[in-house]
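Read through the structure below, which is laid out as structure tokens, and then see the notes.
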Amino acid sequence: MDQTRLLAAAVADLIDDGDLLLLAGDLGAGKTAFTQGLAAALGVDAAVTSPTFTLANRYEGRLVVNHLDVYRLEDLVEARDLAIPELLEQGVTLIEWGQMILPALPAERLDVSITFGDGDDDRHIELRAVGTDWVSRVGALRAAAQTWALQQRVGR
């Protein structure tokens, strides 16, 4: 999970006010760990926990970090009640299980898919830019991911 947090910290350097990140992956794969790493890199001092039962947490840092978990939502009407457009007006918003409510979300986002690897602590993380704003940052996103990957090889 530490590597997941470190990659998120590298991505945090590219975050702009109003950004949306959708976090997908199996239960326990590291969606909250990714959020923890990004929030820490954005100066959040509070403990970042999964909002599975509260649905949404808000943290103050260099940017506001809105952390949502929509796993328990039953339909898109409930998703619309979360006022996601208003959340996107300030800070960065990360939504765990966001693929479940895609029709209720803007098209401009970074998709983060985290899956289990072969070992207990191994993860595969895929970053996919969606929309012109994130596509314009793909070069910087690749550079951040390559720097992170190089640090992982050197650190072993």
Side-chain angles (χ1 to χ4, degrees), residues 1-73 84 87-88 90-102 105-131 133-156:
M1 294 295 181
D2 287 339
Q3 280 72 25
T4 301
R5 289 181 187 94
L6 290 171
L7 176 58
V11 171
D13 289 339
L14 307 174
I15 294 296
D16 287 333
D17 201 27
D19 279 345
L20 171 64
L21 284 74
L22 295 191
L23 307 174
D26 295 328
L27 197 60
K31 296 178 293 295
T32 298
F34 188 92
T35 303
Q36 291 167 339
L38 191 126
L42 292 175
V44 171
D45 293 327
V48 174
T49 59
S50 176
T52 300
F53 297 104
T54 59
L55 295 181
N57 291 330
R58 183 180 178 96
Y59 303 98
E60 298 289 334
R62 178 174 58 80
L63 287 177
V64 169
V65 176
N66 300 302
H67 182 201
L68 286 73
D69 184 328
V70 297
Y71 182 76
R72 296 179 337 135
L73 295 187
I84 293 169
L87 291 176
L88 293 171
Q90 184 180 27
V92 57
T93 301
L94 297 96
I95 304 177
E96 295 189 25
W97 305 98
Q99 73 279 10
M100 296 172 60
I101 61 165
L102 277 178
L105 299 174
E108 203 58 58
R109 66 183 186 272
L110 179 66
D111 289 347
V112 180
S113 175
I114 306 171
T115 56
F116 290 105
D118 295 332
D120 290 343
D121 294 329
D122 294 338
R123 300 292 187 271
H124 298 284
I125 303 174
E126 179 183 339
L127 306 174
R128 188 171 73 90
V130 179
D133 187 43
W134 271 105
V135 168
S136 71
R137 292 185 253 175
V138 164
L141 198 55
R142 280 193 186 120
Q146 287 174 341
T147 299
W148 169 81
L150 179 62
Q151 290 170 345
Q152 300 318 301
R153 285 193 291 272
V154 171
R156 288 184 181 211

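In this structure, R123 contributes its side chain and A29 its backbone to a donor-acceptor pair below 3.5 Å. At least one donor-acceptor pair under 3.5 Å links the side chain of D17 to the backbone N or O of G91.
Looking at heavy atoms from C-beta onward, N57 lies in side-chain contact with T49 at the 4.5 angstrom threshold. Taking 4.5 Å as the limit, every side-chain heavy atom of W134 sits out of range of all side-chain heavy atoms of D16. Looking at L22 and L102, their side chains come closer than 4.5 Å, going by heavy atoms from C-beta outward.
When every heavy atom of A144 is checked against every heavy atom of L14, the shortest pair comes out as CB-CD1, 4.3 Å. Contact between L27 and W97 at its shortest, heavy atoms only, is N-CH2, 4.0 Å. G37 approaches A8 most closely through the heavy-atom pair C-CB, 3.9 Å. Heavy-atom minimum distance, G30 versus T4: O-CG2, 3.7 Å. Considering all non-hydrogen atoms of both residues, E96 and P51 come closest at OE2-CD, 4.4 Å. The two atoms that bring Q99 and A24 nearest to each other are OE1-CB, 3.4 Å, heavy atoms only.
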- Message: I'd like to know whether L21 forms a side-chain contact (heavy atoms from CB on, under 4.5 Å) with V92, so could you lay out the CA-CA distance, the side-chain angles of the two residues, the decisive distance to 0.1 Å, and finally the verdict.
- Response: CA-CA 8 Å; L21 284 74; V92 57; 3.6 Å; yes
- Item | Candidate pair L94 and F34, rule side-chain contact (heavy atoms from CB on, under 4.5 Å), full reasoning | CA-CA 10 Å; L94 297 96; F34 188 92; 4.2 Å; yes
- Task: Start with the C-alpha distance between D19 and R137, add both sets of side-chain angles, then the distance that settles side-chain contact (heavy atoms from CB on, under 4.5 Å), and finish with yes or no.
- Result: CA-CA 12 Å; D19 279 345; R137 292 185 253 175; 2.8 Å; yes
- Please test T32 against H67 for side-chain contact (heavy atoms from CB on, under 4.5 Å), starting from the C-alpha separation and ending with a verdict. CA-CA 9 Å; T32 298; H67 182 201; 4.2 Å; yes
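With values rounded to the nearest 0.5 angstrom, L42 atom CG is found 12.0 Å from E60 atom CD. Note that the CD atom of Q90 and the CG atom of L63 stand 9.0 Å from one another [nearest 0.5 Å]. Here the OG1-CZ distance, from T93 to R109, works out to 13.5 Å after rounding to the nearest 0.5 Å. Separation of atoms CZ (F116) and CG (D121) is listed at 10.5 Å; rounding is to 0.5 Å. Atom CD1 of residue I101 and atom CG of residue L68 lie 7.5 Å apart, to the nearest 0.5 angstrom. Of the inter-residue distances, the one linking L110 atom CG with L20 atom CG reads 9.0 Å to the nearest 0.5 angstrom.
Applying the side-chain contact (heavy atoms from CB on, under 4.5 Å) test between I95 and each of T35, L87, L105, N66 identifies L105 as the sole match. Each of D111, V112, V138 was evaluated against L127; a single residue qualifies, V112, per the side-chain contact (heavy atoms from CB on, under 4.5 Å) test.
Around atom CG of D26, more than 12 heavy atoms belonging to other residues, nucleotides or ligands sit under 6.0 Å away.
Residues satisfying the side-chain hydrogen bond (donor to acceptor under 3.5 Å, both in side chains) criterion with Q36, sequence neighbours excluded, are R5. A search for side-chain hydrogen bond (donor to acceptor under 3.5 Å, both in side chains) contacts involving T115 returns nothing, not counting sequence neighbours.
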